[in-house]
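Below: the structure, in structure tokens.
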Amino acid sequence: MTVRVRYAPSPTGHLHIGGARTALFNYLFAKNQGGTFILRIEDTDLERNVDHAAEAFAEQLRWLGVEWDEGAYVGGEYGPYICTDRLSIYDEHIRLLRERGYAYDCFCTETELAEHREMAIVRGETPRYSGRCRHLTEQQRKAFLTEGRKPALRFRVSDDEVIHFADMIRGEMTFDAGATGGDFVIVKSNGIPTYNFACTVDDYLMKITHVIRGEEHISNTPRQLLIYKAFGWEPPTFAHVSLILGANGKKLSKRDESIIQFIEQYRDLGYLPEAMFNFLALLGWTPSEKQEILARDEVIRAFGFDRVNKSGAFFDAAKLAWMNGHYVRERSEQELLPLVKHMFLNYHKESKWLESDPWLLKLISLYKDKLNYLAQLPEMASPFLSDVLFPDEDANALLADDSTRAVLSEFAEQVANTTSWDADVAKATLKAVQAATGHKGKELYMPLRAAVLGQLHGPDLNQSLALLGRERILARLLYVQ
Ligand code: GLU
């Protein structure tokens, strides 16, 4: 059997961590098994669709390196892959279900249904559809239609049925059909099929072999299995991936502001796709070697549902930052350059420093080892980026001490006497200042750092001085003397 899996987002917002992890697990399983990964856009909930969200999903998946072999925007044998382009296909199948007696028109209004639900809750019962429209006479139907009511279509559920499936992560799952909420809507009164119906028809027609999706869909699976059964179709194998948990151990909520939720935000902050790929793969899957850093190919080779956890996966933002730092260091300065430029333009509209690639490359090289993500650079490197230096508290305290004067004035003089300026000249100049003043080590470096960089600690001093340039060094020394 050739594995065929799909990621089927609803284009109702941005790609978030959970969605990206689901897409990635589908992708990894497909690649591991030599199968096909499909992207389908489930846009049947018209009111919730957001313009251009589907394109943005696609773009972000591509950025992550989770490329699909077939589906929306790339085509394939089983298209179309956007649900609203498949309405005539659904119509045919709806007709079949009606003919076989599995579906009936329901004229209940939203208000009536809500009242019913509330009454059930008051009685302490689980709300379920009463079945009121199951046996309407032709006369009653006509009366509703004359009233102007537009029917929804409901799927007839036999209460005594027991539904089983073997979940790849959770093992055997059993549901009583009677506990699934009663007859459910498969076509809304606007004529558009619901997710459960469209998804089932699409998964079948697209020959999906494994449905891998978030745990929040477990309650949909029994309904979908009833639809498979009504059509006489063999269902796929299911895997419901566990929830992602925030630091408080609770399900990560899209409103939780303590965690950055959207892939796009990570990209903008200068997280690298290879880090996100590695990190997301470990959100619920553990490789047998217990390694943390795994290249794309290694993940693909090792991935399998036998090592996907049933319990929730903790989202550890600090681990992601650490991992990203690892990948930042793996990239060359040249590779980081366009990303850094993009970030400066996006966040700082400050273009002055963007004009000189060689200068920026040196800046990146000075800070690369200290960065977890690229958006940390502007603040970390502020002594190089801002015209006005604001020494920090420690630097100010040191500069207030008169004993620093000798070093600073000697240094100013030596710098002024140089004819060229680079890291080697800076090093020789420091040696000369040491010889002239007798100050060495910290007593030499700290006052200089404080005066020209505004901080007592930072990247390599010779390289920093070279990057800062002679004119700025002299201007800053003048200011503190
Ligand atoms: N459209 C659903 C969602 O975005 C996908 C459900 C499924 O994978 O079956 O959550």
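Because the structure is a prediction, the values reported are computed rather than measured. In each ligand, atom 1 is the first atom listed, and ligand 1 is the first ligand listed.
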Does the plane of the ring in His217 sit parallel, tilted or perpendicular to the ring in Tyr195? Use 30° and 60° as the thresholds.
tilted
Test Asp91 against Arg86 for salt bridge (charged side-chain N to carboxylate O under 4.0 Å, His left out), laying out the working first.
CA-CA 9 Å; Asp91 279 349; Arg86 300 175 60 79; over 6 Å; no
(message) Please list all pairs meeting side-chain hydrogen bond (donor to acceptor under 3.5 Å, both in side chains) that have one or both residues in residues 299-316, counting only residues at least two apart or in different chains.
(response)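 Of all non-adjacent pairs touching residues 299-316, none passes side-chain hydrogen bond (donor to acceptor under 3.5 Å, both in side chains).
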Which residue pairs pass the salt bridge (Lys or Arg N to Asp or Glu O under 4.0 Å) test with at least one member in residues 116-127, sequence neighbours excluded?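 Sorted pair list: Arg123-Glu125.
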Residue pairs meeting salt bridge (Lys or Arg N to Asp or Glu O under 4.0 Å), one or both in residues 203-218, sequence neighbours left out, come to Arg6-Asp203, Arg40-Asp203, Arg170-Glu215
Could you list each nitrogen or oxygen of ligand 1 that sits under 3.5 Å from a protein nitrogen or oxygen, with the atom names and the distance?
{"from": "ligand 1", "atom 1": "1 (N)", "to": "Ala8", "atom 2": "O", "distance (Å)": "2.8"}
{"from": "ligand 1", "atom 1": "1 (N)", "to": "Ser10", "atom 2": "OG", "distance (Å)": "2.8"}
{"from": "ligand 1", "atom 1": "1 (N)", "to": "Glu42", "atom 2": "OE1", "distance (Å)": "2.6"}
{"from": "ligand 1", "atom 1": "4 (O)", "to": "Ser10", "atom 2": "N", "distance (Å)": "3.2"}
{"from": "ligand 1", "atom 1": "4 (O)", "to": "Ser10", "atom 2": "OG", "distance (Å)": "3.4"}
{"from": "ligand 1", "atom 1": "8 (O)", "to": "Arg6", "atom 2": "NH1", "distance (Å)": "2.7"}
{"from": "ligand 1", "atom 1": "8 (O)", "to": "Arg6", "atom 2": "NH2", "distance (Å)": "3.4"}
{"from": "ligand 1", "atom 1": "9 (O)", "to": "Arg6", "atom 2": "NH2", "distance (Å)": "2.8"}
{"from": "ligand 1", "atom 1": "9 (O)", "to": "Tyr195", "atom 2": "OH", "distance (Å)": "2.6"}
{"from": "ligand 1", "atom 1": "9 (O)", "to": "Arg213", "atom 2": "NH1", "distance (Å)": "2.8"}
{"from": "ligand 1", "atom 1": "10 (O)", "to": "His217", "atom 2": "NE2", "distance (Å)": "2.8"}

dist Leu366:CG -> Leu377:CG (nearest 0.5 Å) comes out at 10.0 Å
